[in-house]
Q: 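The structure that follows is given in the form of structure tokens.
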Amino acid sequence: MASYETVIGLEVHAQINTKSKVFCECSTEFGKEPNSNSCCICSSQPGALPILNKKAVEAMVKTGLALDFTINQQCMFSRKQYFYPDIPKNYQVTQFEPPLCSKGKLAINIDGKEKIINITRIHLEEDAAKLVHEIGNRKLDYSLLDLNRGSIGLMEIVSEPEMSSPEEAFQYLTELKNILEYLGTSECNMEEGKMRCDANVSIRPVGQKELGTRIEIKNMNSISGVRDAIAYEVERQKEVLSAGRKLVQETRLWEAEEGITKSMRSKEGALDYRYFPEPNLVPFDLPDSFIEEMRTQLPELPKKRKTRFMKEYGLSEYDADYLTSARTIADYYENALNASKDKKSAAKPIANWISTELNGKLNASKIEIADSPVSCENIAKLVNLILSGAISGKIAKAVFEEMYEKSADPETIVKEKGLVQISDESAIIKICEEAIAESPKAVEEFKAGKERAVGAIVGLVMKKSKGQANPQLVNKILLEKLKQ
Ligand code: ADP
Ligand code: ZN
Ligand code: MG
């Protein structure tokens with residue numbers, strides 16, 4: 001059996017994060033009553049004239065700059081003609097040549113090594129409306145059209161066929177989504193269809209130069225879904241070729257529940273969309289000053305923020321990676337740090353609380369960090385209580401549980417429950433003496449040279465003090481007493 005290599009190119013459609021649609025003043029808000037966000041322009045009434053949304057162009061240029069694209073300053077639009085059941089005017093206003101952004105790139109991390117994926121283009125276009133075939137659970141035997149989504153601005157980001165595994169595609173999409181979210185140019189909410197991906201997959205015998213037959217997979221609504229669909233598709237293609245059969249260029253659908261791709265339509269013989277310049281939108285030039293203005297508005301992007309977190313806060317690469325993996329997490333971290341009493345000593349513990357305890361709880365309850373029941377001020381207070389020695393790490397975990405359940409302030413919890421750590425030596429000495437008296441066996445073992453036997457006595461002290469004895473002090477006092 002020949003060995004094959006995988007080639008993947010991704011097309012990402014991201015809805016541009018603007019208040020109004022790309023050619024009219026209708027709202028882009030998701031989930032409104034069907035057809036309540038529509039007007040004569042976005043419902044394709046004959047003679048209605050589109051007006052370009054400047055904010056959409058700004059978002060495109062910022063995205064292009066952030067991904068190292070060349071911005072094509074002559075801006076023009078084209079009509080892509082087709083029988084579109086979801087665009088009543090039967091053409092989509094899009095960009096053909098030139099797109100607003102050409103030749104960009106994105107770095108992904110594969111097994112600790114950086115790989116650059118080149119991105120062919122980003123062009124601006126209008127989204128299609130939505131065909132509705134069921135109401136609630138009732139399947140209709142006719143189609144309804146909901147125009148709310150029609151003409152929302154979209155950026156289509158088309159990569160070169162340069163990814164070579166499902167994991168690389170996963171990393172590319174994760175990184176791209178993170179950057180768009182940092183920029184704020186798309187909300188990228190995949191469940192709401194604000195970011196969609198088509199994956200183009202082919203395989204070829206190792207060493208062959210020409211690309212193999214490309215299969216396009218649609219209908220994926222999560223990044224892990226894309227990874228699974230590609231993995232399935234690669235195996236399917238290998239089986240077909242190994243059996244001596246041929247692949248045909250086609251579009252397939254990902255059936256997430258069954259975990260398989262199914263043929264949707266053949267794509268042999270490219271469609272001729274008869275592109276021509278959109279006569280209702282006059283070509284115009286983007287001035288240099290506009291591009292420079294957009295450049296100054298770029299926020300600190302994930303890579304830079306990660307490096308700064310490591311340098312400024314002394315975090316490990318692992319922690320910095322996690323904290324900058326979404327802008328919301330990075331903002332939460334820095335807000336917590338700014339609320340803490342001693343930034344320098346709080347930097348690491350706050351990072352730990354976020355990446356372990358908080359992250360675990362949020363994941364389990366499927367809550368985004370932006371909606372966390374524990375505020376960043378409260379995480380800062382908790383860490384401060386630990387650093388000042390007021391509570392032990394063990395008690396802090398119990399306090400955190402309550403902070404999460406009740407959105408409560410840790411200082412109040414500690415006060416009301418009397419959880420303050422006992423650091424008074426004489427009180428601890430007394431408990432240690434009791435514990436030693438009650439543990440003759442452990443004492444004997446310790447005296448016979450088994451130092452670890454002290455652990456059992458420490459445990460007893462902690463139990464007697466309801467976990468409130470300062471563990472460092474307990475250890476110190478017990479060893480002193482036992483060695484006497
Ligand atoms: P279309 O509109 O037909 O989908 P596009 O040019 O918009 O065409 O997108 C083509 C995508 O397919 C690009 O991302 C490109 O990298 C990818 N691609 C092209 N040929 C192959 C191939 N043989 N194998 C995998 N991906 C491919
Ligand atoms: Zn409208
Ligand atoms: Mg395509």
Side-chain angles (χ1 to χ4, degrees), residues 4-13 18-29 32 35-45 48-53 56 80 82 87-89 92-97 99 102-106 117-123 125-127 129 146-166 168-169 172-173 176 196-205 208-218 226 229-230 233-234 237 241 247-252 264-273 275:
Y4 295 100
E5 64 182 3
T6 303
V7 176
I8 302 159
L10 299 177
E11 295 162 73
V12 170
H13 285 95
T18 49
K19 284 211 173 77
S20 54
K21 295 185 176 181
V22 64
F23 299 129
C24 63
E25 291 181 350
C26 290
S27 162
T28 56
E29 197 179 334
K32 301 300 271 200
N35 294 312
S36 59
N37 291 344
S38 74
C39 69
C40 62
I41 299 173
C42 61
S43 67
S44 311
Q45 302 305 313
L49 294 174
I51 306 152
L52 180 60
N53 183 340
K80 184 180 181 183
Y82 185 65
I87 305 180
K89 55 187 185 283
Q92 179 191 32
V93 179
T94 179
Q95 293 189 295
F96 188 47
E97 290 301 338
S102 302
K103 290 200 167 123
K105 56 180 187 289
L106 178 66
I117 307 295
N118 289 294
I119 313 179
T120 321
R121 57 190 275 147
I122 311 180
H123 60 260
E125 62 185 27
E126 59 181 335
D127 206 344
D146 177 3
L147 293 161
N148 287 357
R149 192 180 71 183
S151 266
I152 290 181
L154 277 187
M155 39 186 156
E156 177 168 346
I157 306 167
V158 184
S159 86
E160 289 291 312
E162 290 183 350
M163 283 157 270
S164 42
S165 69
E168 288 187 15
Y172 172 88
L173 290 174
L176 182 62
R196 282 118 58 186
C197 173
D198 298 340
N200 295 272
V201 185
S202 65
I203 58 172
R204 62 181 167 192
Q208 179 182 306
K209 265 217 151 119
E210 308 82 68
L211 293 173
T213 303
R214 136 167 101 110
I215 307 289
E216 184 185 45
I217 319 171
K218 290 190 182 284
V226 173
I230 295 172
E233 186 57 25
V234 169
Q237 292 184 16
L241 294 189
L247 290 161
V248 284
Q249 195 178 331
E250 63 176 346
T251 299
R252 298 178 71 89
M264 178 176 144
R265 60 170 181 251
S266 154
K267 223 181 172 176
E268 274 178 308
L271 283 171
D272 184 353
Y273 292 112
Y275 284 98

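No hydrogens, no waters, no symmetry mates; every other heavy atom, side chains included, goes into these values. Heads up: numbering here begins at 1 and tracks the sequence. Both ligands and their constituent atoms are indexed starting at 1 by order of listing.
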Q: Looking only at the side chains, is there a donor atom on one of Glu216 and Thr251 sitting less than 3.5 Å from an acceptor on the other?
A: yes

Q: Mind checking what makes salt bridge (charged side-chain N to carboxylate O under 4.0 Å, His left out) contact with Glu162, not counting sequence neighbours?
A: none

Q: Checking Lys32 now: which residues fulfil salt bridge (charged side-chain N to carboxylate O under 4.0 Å, His left out) with it, not counting sequence neighbours?
A: Glu29

Q: Looking only at side chains, do Gln249 and Thr213 share a donor and an acceptor under 3.5 Å apart?
A: no

Q: Indicate yes or no for a side-chain donor-acceptor contact from Ser102 to the backbone of Arg121 under 3.5 Å, with no hydrogens or angles considered.
A: no

Q: Looking only at heavy atoms, is any part of Glu160 under 4.0 Å from ligand 1, and if so is it the side chain, the backbone, or both, or is it neither?
A: backbone

Q: Under a 4.0 Å heavy-atom limit, does Leu10 contact ligand 1 with its side chain, its backbone, both, or neither?
A: backbone

Q: Heavy-atom distance under 4.5 Å between the side chains of Lys21 and Glu126, does that happen here?
A: no

Q: Nearest non-hydrogen atom to atom 13 (C) of ligand 1 belongs to which of Pro161, Ser159, Gly212?
A: Ser159

Q: For Ser164, what residues pass the side-chain hydrogen bond (donor to acceptor under 3.5 Å, both in side chains) criterion, not counting sequence neighbours?
A: Lys115, Glu168

Q: Hey, which atoms in ligand 1 end up nearer than 4.0 Å to a heavy atom of Glu216?
A: 4 (O)

Q: Nearest heavy atom to atom 17 (C) of ligand 1: which of Val201, Ile117, Val158, Asn200 does it belong to?
A: Asn200

Q: Quick one: name the protein N/O/S atoms under 2.8 Å from the Zn ion (ligand 2), chain by chain.
A: Cys24 SG, Cys26 SG, Cys39 SG, Cys42 SG

Q: Side chain of Ser43, backbone of Ser38: donor and acceptor closer than 3.5 Å?
A: no

